[in-house]
Amino acid sequence: MPIRILHTADNHIGISFSTYPEPVRERLLNERFDALARLVETASMRKAHFVVVAGDLFDKLSVTAADIKRTVDVLKRFEGEAVLVLAGNHDYCEGPESKLWKTFRKAAEGTNVVALTEQSVHNYMLDEGAVRFHACPCPSKFGEEPMTGWVADAHKPEGMLHVGIAHGNVEGLGLDADQRYFNMTEAGLRAAGVHTWLLGHIHVPAPDAGTIGTPTYFMPGIHTPDSVRCRHSGHAWWLELEPDGSIHHEQLTAGSVRFVRIEAVLQHTNDLMALQQRCNELDAPNTVLDLQLTGRLKTEGMQALNTLVDALQLRFLHVERDVDIAQVLEAEAIAQHFPEGTLPHALLTALLADEAHPGDADLAFHLIEDLTGR
Amino acid sequence: MKLISIRLHPFGASIDRTFTWGDGLNVLEGPNEFGKSTLSHALWHALFSPSNMTPVKLEKTMGRWYPKPNGDHVRITLRFSADGRTWTLGKTWGAGSSSHLQVDGGASMAQPAAVQAELLRLLRRNEATWGRVLFTGQAQLTRTIAKLREEGHSLDDVHGLLAGAAAIPGDIAPDKLLGGINDRINAHFGRWDITARGPEGGRGLARMWANKVGPVLKAFYEKETLRAELNRVVSHERAVDGVNERIARLQDDAGKDAAFIAEGRALRLGLGQRTGLEERVARLTGSVEQLMKITTDWPGAEQVISAKEQELTRMKNTLDHVDTELANARRQAQAQTVREGYKRLTEARTAWEDARRRLDEQPAVDPRALDELRQLETRMVELGIRMEAQKLAALLESSDDRTVTIQRGTGAPENVTLAPDSPWEGAAAGRLTVEVGSVRLTVRSGQEDVDALIAQLNTAEHRRTELLAAMGRNSLAEAETAAKAHEEQLRSVKSKADLHLAALQGRTAEEWEAEVQALSQLPATRDIAVLEQEQNSLRDIRSKLEAEVEAKRHEVAQWQQAHVSVAKLVEKVMAEREELKAAEQQLAGLPALPAGHATVNGYLRLLTDREDAQETSRGQLEAARQELARLEGGTPTRTAEDLSAELDLKEREFQRRLAEGQALLRIRDTLETVIAQRGNDDPLQGLTDAIAHRFNALTNGRYTGVTLDGLTPAQVIGHATLSSDLLSQGALGSLALAARLALAELYLREDNGFLLLDDPFTDMDPERRSLAMAALVDFAAHHQVILLTCHPGHAEELVHQGAQHARVV
């Protein structure tokens with residue numbers, strides 16, 4: 001029988017979402033807990049032995065005591081052997097006096113929730129076999145060296161499964177160009193001599209879903225999206241470790257809120273329709289929509305766009321928009337407002353001919369309107 | 001808007017008075033005090049002064065019109081037609097202030113701002129246009145040109161009102177459009193240096209501009225403020241990391257030393273005792289060894305001393321022999337010197353004796369005889385010279401061969417042979433005697449007594465011969481040489497005698513001989529250097545032996561003093577051995593020095609050092625924790641990730657603002673190009689023509705044209721072109737009236753409004769006034785004109801001008 005682990009990370013409890021209006025913010029804050037609760041419930045339901053949180057359970061050291069307690073309340077509902085919570089680089093443990101982790105331990109006292117805040121090994125003897133976890137917590141937010149170096153030299157009794165838990169960037173997986181986040185390499189992880197690594201830090205899952213074999217490491221990705229930078233729906237890994245070290249893995253989905261950025265170039269009414277179609281395909285009440293719109297539209301196109309955005313705002317959880325669309329002034333509109341031969345007509349016509357700057361004519365038009373008090 | 005009536009109840013001096021007007025020219029004529037200016041002001045305030053002014057502004061604006069002495073309000077009711085309907089406007093300022101505007105049959109509005117907005121709509125033109133064109137106060141006509149120059153920009157634009165090809169409705173003046181765009185650009189780039197692409201004067205966040213900041217700079221400041229916050233947050237996070245790292249390192253250090261210190265503290269007492277015991281054992285060991293040696297040495301000490309003393313005696317004898325040989329060697333070295341001195345003495349004596357012998361061989365010359373001989377020589381030379389002076393020349397000839405004897409001077413007789421062809425020719429000093437046979441011929445010089453000279457000469461010569469003979473010398477020179485040689489030999493004898501004396505060196509020759517004799521008896525020796533080396537070596541050995549003997553004697557004395565006797569010493573050794581054994585047994589029972597440490601003291605020193613270091617680390621740890629607490633107290637509310645995301649937005653916003661500014665700059669460039677391409681087409685030509693036309697009529701054809709600067713007539717064209725500033729007061733009034741009527745024609749074209757003038761003809765001469773009245777009557781044919789005057793003649797003249805619509809109110 002395999003040892004069953006639910007592996008999550010980067011939950012970022014306590015992220016502020018301060019740029020969102022209050023009702024949206026509250027929904028997003030609660031989603032961090034709710035998605036975690038769903039994972040814990042899944043783990044219990046599937047009879048997992050362990051829930052492993054591979055760092056960044058919390059977004060920052062200054063997370064409130066209330067949020068810590070609420071988080072522990074969620075985790076301690078796990079019915080398995082233990083919830084192993086590693087200190088990541090956002091919720092790093094600077095030492096025994098760490099305020100966050102003291103609060104966490106106090107809240108977790110008498111529960112099966114274990115804080116992994118020091119380089120240490122944790123042994124569990126189960127009916128299904130023995131497993132030793134090698135914990136590699138972060139002692140700071142930034143670090144040039146990985147925290148996993150000691151594991152290669154650590155004693156690894158035979159007959160046990162050895163699982164490393166660490167947090168940081170993996171070369172080739174993330175974009176930590178200046179290597180500030182405890183950069184690890186796949187070769188280094190492999191050389192450590194454990195059966196697999198349960199990692200955190202990168203918000204994108206790895207390996208790709210459906211990968212077969214026994215990967216060197218697992219990266220679950222964020223458990224529920226926190227911004228438009230997260231393009232997936234929030235995941236965790238379900239892992240079954242056989243005594244021979246082989247691993248069956250399954251990607252779980254936990255998030256119920258999506259952040260979707262739509263980048264569109266609008267030049268025709270058809271583009272607007274396509275935009276509307278894309279929006280219609282989304283789960284609007286649970287989606288924060290981020291519209292990044294560029295292009296050029298005529299007056300009626302702009303009006304239609306505004307109408308569309310107004311409608312989207314009513315349907316979606318939240319709509320952010322970054323609109324950089326040049327309103328195209330039409331020659332007919334110019335003639336309608338300024339008879340041929342007038343200076344405004346000549347100016348607007350000349351501006352309209354500048355294809356490289358389609359919005360200039362419209363800007364000038366409004367400028368003239370302001371000046372003439374029309 | 002066309003006025004129907006106005007009621008002042010009260011306003012100024014009018015408690016309740018109503019004026020009514022009709023179409024065309026309405027002339028209100030009355031004396032100065034009848035209130036025409038009051039009426040003009042009342043009409044202006046009714047149209048443009050809101051009833052809800054602040055108390056200060058109310059007092060300033062309306063206070064003068066409160067009825068005297070105790071009036072607290074003014075009220076006006078104005079009826080007019082506009083938009084094809086009739087309106088009633090009521091305004092009260094001061095106590096009970098209110099506004100209401102009601103169209104006949106319609107609802108009334110009472111909100112002052114709304115009333116004012118509606119009035120402005122009905123008036124169609126802005127307040128400036130009404131004030132500068134359509135309302136002409138008393139004595140203001142001639143100020144028209146100046147006012148247009150100063151405030152023409154604030155009037156309603158006339159371009160759209162101008163008729164004809166150059167005045168297309170909807171057009172806008174280039175300068176106005178360009179000015180508007182420039183205003184917008186300036187506002188958009190407010191405090192932004194387009195060239196430097198940054199805030200004016202480089203004023204960043206530390207010294208931000210507060211006023212006239214445009215959208216570009218505002219977005220820039222917002223972006224940079226956020227960036228600064230992001231940098232602060234990142235710095236804070238790094239600072240926290242740094243302190244945490246320090247804390248971890250200090251804790252690690254403390255942990256590493258903790259075990260060592262704990263072990264060391266447990267061992268410290270035992271190791272301290274071990275140190276004392278080890279020292280004691282070492283001391284006892286040394287002491288026993290030393291006593292054992294004394295025990296061995298003491299019994300044979302006297303024998304050692306005796307042997308050394310015997311050796312010392314032998315050494316002294318040897319040294320005495322060496323000393324004697326060395327003395328002889330040194331005397332031998334001295335004998336060589338004596339011999340050389342004796343040799344030099346012998347040689348000096350021989351040289352002295354040789355010199356004396358040579359002196360004997362060189363007899364002395366009598367100095368007095370030598371001196372006389374020198375005088376004779378001198379005398380004879382002198383006499384000879386005198387004889388030479390008496391020289392005689394003789395020629396002896398003979399006709400046959402014959403021998404004659406001649407004697408010249410004091411000379412000896414000479415035989416001279418003569419022949420017929422061989423005469424004798426010669427000279428003689430003083431006297432010549434020729435003797436032939438028995439014949440003797442003596443010839444004497446006649447100058448001096450030659451015979452006497454000769455006699456003296458002979459005497460001197462005789463004496464010289466005597467003297468030389470006495471000296472045994474042949475000549476004075478020989479005598480002189482002999483005298484000199486004798487003198488030199490004398491000096492040589494003296495010199496050799498001195499050398500001999502010096503060679504004696506203060507001793508006698510006998511003493512020298514005795515010493516040389518003694519030296520030849522000395523024995524042979526070795527070389528001095530060899531002997532000196534041997535002597536020194538022997539002396540060293542002697543000294544060493546003496547010191548050893550002394551030391552040994554002293555040692556024995558000390559032993560005796562310290563230990564009394566050998567037997568007592570043996571007892572002492574036994575006692576110390578027992579003590580040493582006990583100390584070694586006690587040492588074996590103490591804790592051992594941990595491995596890797598050479599000495600207890602070294603170990604304890606290391607322990608103390610690490611304890612000190614641990615104490616220091618604790619202090620540093622405490623300081624680091626305090627620093628961490630301080631940093632955590634200032635933890636930013638937002639994370640770097642939040643701020644980074646927001647910074648992206650701010651950056652985009654800034655770029656948008658910048659792009660908008662660039663668009664404005666392009667629009668301006670395009671506008672300037674369009675204006676340049678349009679050439680010199682003057683959209684105000686219609687207005688120019690209208691003013692010129694009216695000015696031509698008002699000046700009875702004296703001026704045919706004008707040029708405008710904006711809306712202001714800048715020049716008039718007649719026989720010559722003149723600046724409008726140079727016109728006479730009357731001509732300026734005509735030009736002002738022409739401009740007002742032309743502009744009013746434009747402004748009132750789309751609406752049948754009114755024109756108000758308060759005594760406009762005051763400064764005009766009769767001819768100009770007549771022409772002005774004709775123009776006004778002509779204008780009034782199409783528009784309502786209200787003319788106020790205090791000149792009855794002016795009113796009558798207007799009627800006389802045939803103003804069909806003129807009425808005297």
Side-chain angles (χ1 to χ4, degrees), chain A residues 12 14-19 59-62 89-90 92-99 138-143 180 226-229 292 320 322-324 326 337-351 353-354 356-357 359-364 367-368 370-374, chain B residues 126 156-157 159-160 165-166 168-174 176-181 183-184 234 237-238 240-245 247-248 251 625 628-629 632 635-642 645-646 649 652-653 655-656 659-660 662-664 666-668 670-671 673-675 677-678 681 683:
Chain A
H12 289 279
I15 194 168
S16 62
F17 296 112
S18 58
T19 57
D59 184 60
K60 54 200 167 199
L61 294 186
S62 58
N89 78 306
H90 273 258
Y92 61 87
C93 180
E94 67 274 28
E97 299 303 313
S98 165
K99 189 177 164 190
C138 293
S140 55
K141 182 157 189 179
F142 306 107
R180 295 186 306 158
D226 64 339
S227 72
V228 290
R229 290 190 297 274
Q292 302 274 316
E320 294 275 329
D322 185 357
V323 179
D324 186 13
H337 288 85
F338 301 101
E340 191 172 346
T342 61
L343 184 58
H345 186 280
L347 172 64
L348 296 173
T349 304
L351 290 170
D354 183 1
H357 304 101
D360 285 6
D362 185 66
L363 179 62
L367 189 56
I368 294 168
D370 289 346
L371 285 172
T372 55
R374 286 170 185 272
Chain B
N126 65 25
D156 278 321
D157 190 24
H159 291 75
I168 303 167
D171 206 355
I172 184 167
K176 182 162 185 172
L177 184 51
L178 196 55
I181 290 175
D183 289 347
R184 180 71 174 271
V234 171
E237 289 175 347
R238 287 190 177 282
V240 169
D241 266 11
V243 175
N244 278 326
E245 189 182 343
I247 288 172
Q251 285 173 337
R625 282 180 176 145
L628 182 64
E632 286 178 344
T635 298
T637 53
R638 292 199 286 174
T639 64
E641 287 76 8
D642 290 344
E646 194 175 337
L649 295 175
R652 285 209 295 275
E653 173 63 16
Q655 292 300 337
R656 260 200 296 273
E660 188 179 346
Q662 296 300 328
L664 287 170
R666 285 194 300 273
I667 289 169
R668 182 175 66 185
T670 305
L671 177 60
T673 305
V674 167
I675 290 171
Q677 288 171 346
R678 280 162 64 98
D681 288 352

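In what follows, chains carry the letters A, B, and so on, assigned in the order in which the sequence lines appear, proteins first and then strands, with residues in each chain numbered from 1.
Contact check for A:Thr349 versus B:Val674: no side-chain heavy atoms found under the 4.5 Å cut-off. Looking at heavy atoms from C-beta onward, A:Asp354 lies out of side-chain contact with B:Thr670 at the 4.5 angstrom threshold. Looking only at side-chain heavy atoms (C-beta outward), B:Arg625 and A:Glu94 stay at 4.5 Å or farther from each other. Looking only at side-chain heavy atoms (C-beta outward), B:Arg652 and A:Asp322 come within less than 4.5 Å of each other.
Of the atoms belonging to A:Lys141, heavy atoms from both backbone and side chain fall under 4.5 Å from chain B. Looking at A:Glu320, neither its backbone nor its side chain comes within 4.5 Å of chain B, counting heavy atoms on both sides. Using a 4.5 Å cut-off between heavy atoms, A:Phe17 does not touch chain B at all. Residue A:His345: no heavy atom, backbone or side chain, is found under 4.5 Å from chain B. With a 4.5 Å cut-off on non-hydrogen atoms, B:Leu628 touches chain A through its side chain but not through its backbone. Only the side chain of B:Glu646 comes within contact range of chain A, with heavy atoms under 4.5 Å apart.
Side-chain N or O atoms of B:Asp241 include one that pairs as donor or acceptor with a backbone N or O of A:Phe142 at under 3.5 Å.
Separating the CD1 atom in B:Ile675 from the CG atom in A:Leu347 is a distance of 8.5 Å, to the nearest 0.5 Å. To the nearest 0.5 Å, atoms CG (A:Leu351) and CG (B:Leu671) are separated by 8.5 Å. In this structure, the separation between CD1 on B:Ile667 and CG on A:Leu363 is 4.0 Å, given to the nearest 0.5 Å.
Interface summary for chain A: among B:Glu660, B:Arg656, B:Glu653, B:Gln662, the most heavy-atom pairs under 4.5 angstrom belong to B:Arg656.
Salt-bridge check for B:Arg666 with A:Asp360: passed, with a basic side-chain N closer than 4.0 Å to an acidic carboxylate O.
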